[in-house]
Amino acid sequence: MPKEALGRDQKKRYKIKALIEWISGRMHSIGMTQEDLGAMLGISQGAVSSRLNPKTYEKNKKSDPFSFGELLVLFEVLKATPEEKEKLMTL
């Protein structure tokens with residue numbers, strides 16, 4: 001049976017989930033806490049936790065977890081490679 005093509009909304013949810021997983025994994029690998037990340041972004045630890053919860057985005061309750069400016073800060077702090085940036089930013 002052929003696979004059905006993903007719709008734009010479904011692709012976006014998968015991309016958001018991949019971004020969240022990358023951020024969480026990178027935070028863990030460098031020993032950064034949500035509180036540290038929140039301080040760098042100027043938001044509370046609770047806000048970081050909410051934004052890193054994939055269930056928030058499964059039912060389109062919220063459109064994007066981070067703004068473009070916040071993503072730039074995240075990529076700098078978490079030392080993203082150019083390939084990772086391109087992969088995570090393209091939809």
Side-chain angles (χ1 to χ4, degrees):
M1 181 192 287
K3 293 184 178 181
E4 187 176 324
L6 297 176
R8 183 161 172 78
D9 290 339
Q10 209 169 15
K11 284 181 185 178
K12 186 173 181 176
R13 282 195 302 274
Y14 285 142
K15 284 288 189 174
I16 289 172
K17 187 175 179 184
L19 174 66
I20 291 169
E21 288 173 355
W22 180 84
I23 292 169
S24 297
R26 188 58 63 98
M27 284 173 56
H28 178 73
S29 69
I30 63 174
M32 182 178 284
T33 64
Q34 290 180 356
E35 190 172 322
D36 298 335
L37 189 61
M40 291 176 190
L41 293 173
I43 58 177
S44 68
Q45 178 274 328
V48 173
S49 177
S50 173
R51 292 179 184 199
L52 293 178
N53 183 354
K55 292 181 182 178
T56 305
Y57 307 96
E58 287 176 2
K59 297 179 183 173
N60 292 329
K61 293 179 186 173
K62 214 172 179 186
S63 61
D64 293 324
F66 299 98
S67 69
F68 182 72
E70 290 171 336
L71 284 175
L72 295 177
V73 171
L74 285 171
F75 290 152
E76 181 69 28
V77 168
L78 299 176
K79 299 173 181 75
T81 65
E83 293 82 19
E84 289 172 326
K85 289 177 190 177
E86 184 177 349
K87 178 184 169 194
L88 294 169
M89 296 272 299
T90 53
L91 178 61

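One is the number of the first residue; the rest follow in order along the sequence.
With hydrogens and angles ignored, the 3.5 Å screen pairs no side-chain donor or acceptor of Lys12 with any backbone N or O of Gly7. Using a distance-only test at 3.5 Å, with no hydrogens or angles considered, a donor-acceptor pair links the side chain of Arg26 to the main chain of Lys79. Of the possible polar contacts, none joining the Ser49 side chain to the Gln45 backbone as a donor-acceptor pair under 3.5 Å is found.
For the pair Leu88 and Leu19, the tightest heavy-atom approach, listed with the atom from each and the gap, is CD2-CA, 3.9 Å. Contact detail for Leu52 and Ile23: the closest heavy-atom pair is CD2-CG2, 3.8 Å. Shown here for Val77 and Ile30, the closest heavy-atom pair between the two residues is O-CD1, 4.2 Å. Annotation for Val73 and Met40: closest pair CG1-O, 4.1 Å, computed over non-hydrogen atoms. Across all non-hydrogen atoms, the minimal contact from Pro65 to Arg51 is O-CD, 3.2 Å.
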>> side chain to side chain contact (heavy atoms under 4.5 Å, CB included) for Asp36 and Met27? Distances and angles first, verdict last.
In response: CA-CA 10 Å; Asp36 298 335; Met27 284 173 56; over 6 Å; no
> Yes or no on side chain to side chain contact (heavy atoms under 4.5 Å, CB included) for Met89 and Phe75, after CA distance, side-chain angles and deciding distance?
Replying inline: CA-CA 11 Å; Met89 296 272 299; Phe75 290 152; 3.5 Å; yes
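Leu74 CG to Leu41 CG: the interatomic distance, rounded to the nearest 0.5 Å, is 5.0 Å. To the nearest 0.5 Å, atoms CD1 (Ile43) and CD (Glu70) are separated by 5.5 Å.
Applying the salt bridge (Lys or Arg N to Asp or Glu O under 4.0 Å) criterion to Glu21, with sequence neighbours excluded, gives no partner residue.
The neighbour count for Glu35 CD, taken as heavy atoms of other residues, nucleotides or ligands under 6.0 Å away, does not exceed 12.
Side chain to side chain, Ser50 and Asn53 fail the donor-acceptor criterion of an N or O pair below 3.5 Å.
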